[in-house]
Amino acid sequence: QVQLVESGGGLVQAGGSLRLSCAASKRTFSRYPMGWFRQAPGKERDFVSGISRSGANTNYADSVKGRFTISRDNAKNTVYLQMNSLKPEDTATYYCAIKLQPIGSDVYTTAVDYDGWGQGTQVTVSS
């Protein structure tokens, strides 16, 4: 059992920045790849970014490349998503996710790969 708690969402103007955090209750946090997804009303949950156990490998959706940066601090059991140059189309509920039984590839990009989810944090970007 693992708990993931996201924070850092809010309302920001287009062009602004936010930093999301996701704190995990898992003491062996460094063993698990992590990911960020987002879901807008009436739409599917989409991959945003993923990071390997060590943080050395990352992956991003094309829509956020060059604007978002994922990172992790294994000593703090926390993964971050720095979001810059925000656009109205980034408006969504953002979820962090944990992959508890990684096999093979160290960065996972689909929702079905992940085993645990946070409750989500709302990001709203005004134009």
Query raised in the report: For the side chain of T91 and the backbone of T124, is there at least one donor-acceptor N/O pair under 3.5 Å apart?
Result: no
**Report entry** Co-membership, hydrophobic cluster, residues V107 and V79, 4.5 Å side-chain
**Finding:** no
Requested in this report: Search all heavy atoms of Y114 against all heavy atoms of K99 and return the closest pair with its distance.
Outcome: CD2-N, 3.6 Å
Query raised in the report: From K26 NZ over to Q3 CD, what is the distance, rounded to the nearest 0.5 angstrom?
Result: 11.5 Å
Requested in this report: Show your reasoning for whether side chain to side chain donor-acceptor pair (under 3.5 Å) applies to S17 and N84.
Outcome: CA-CA 4 Å; S17 298; N84 298 329; 2.9 Å; yes
**Report entry** D115 side, atom CG; Q101 side, atom CD - distance, nearest 0.5 Å
**Finding:** 6.0 Å
Query raised in the report: Mind checking whether R53 and P33 have side chains closer than 4.5 Å, heavy atoms only?
Result: yes
**Report entry** Chi angles and distances behind the side-chain contact (heavy atoms from CB on, under 4.5 Å) call for R38, S63
**Finding:** CA-CA 12 Å; R38 66 187 182 187; S63 59; 3.4 Å; yes
**Report entry** For I70 against Y60, the heavy-atom pair lying closest together
**Finding:** N-OH, 2.9 Å
Query raised in the report: Between S49 and N59, is there a donor-acceptor pair closer than 3.5 Å when you use the side chain of the first and the backbone of the second?
Result: yes
Query raised in the report: Between R67 (side chain) and S85 (backbone), is there a donor-acceptor pair under 3.5 Å?
Result: yes
Report summary line: Of all heavy-atom pairs linking Y95 and G118, the shortest is CD2-O, 3.6 Å
Report task. Please determine which of W36, F37, Y108, F68 meets the ring pair (Phe, Tyr, Trp, His ring centres under 6.0 Å) test together with F47. Result -> F37
Query raised in the report: Taking atom CG of L81 and atom CE of M34, what is their separation to the nearest 0.5 Å?
Result: 11.5 Å
Report task. For residues A40 and A92, report the shortest heavy-atom separation together with the two atoms involved. Result -> N-CB, 3.9 Å
Requested in this report: Could you grab the distance from atom OG of S54 to atom CG of D106, nearest 0.5 Å is fine?
Outcome: 6.5 Å
Query raised in the report: Just one of V48, T121, L4 clears the side-chain contact (heavy atoms from CB on, under 4.5 Å) bar with C96, so which one?
Result: L4
Query raised in the report: Can you list the steps and then say if F29 with R72 is a side-chain contact (heavy atoms from CB on, under 4.5 Å)?
Result: CA-CA 10 Å; F29 177 74; R72 66 189 296 161; 3.2 Å; yes
Requested in this report: State whether the number of non-hydrogen atoms from other residues, nucleotides or ligands found under 6.0 Å of Q119 atom CD is greater than 12.
Outcome: yes
Requested in this report: Could you tell me whether K87 and D90 make a salt bridge, using a distance below 4.0 angstrom between a side-chain N and a carboxylate O?
Outcome: no
Report task. Over all heavy atoms of both residues, which pair between L20 and Y94 is shortest? Give the atoms and the distance, please. Result -> CD1-CB, 3.6 Å
Query raised in the report: Between D73 and T78, is any side-chain donor less than 3.5 angstrom from a side-chain acceptor?
Result: no
Query raised in the report: Roughly how far, to the nearest 0.5 Å, is the CD1 atom of I98 from the CG atom of N77?
Result: 9.0 Å
Query raised in the report: Do the side-chain N and O atoms of Q13 and S126 include a donor-acceptor pair separated by under 3.5 angstrom?
Result: no
**Report entry** Spatial distance of atom CZ (R31) from atom CG (N74) [nearest 0.5 Å]
**Finding:** 12.0 Å
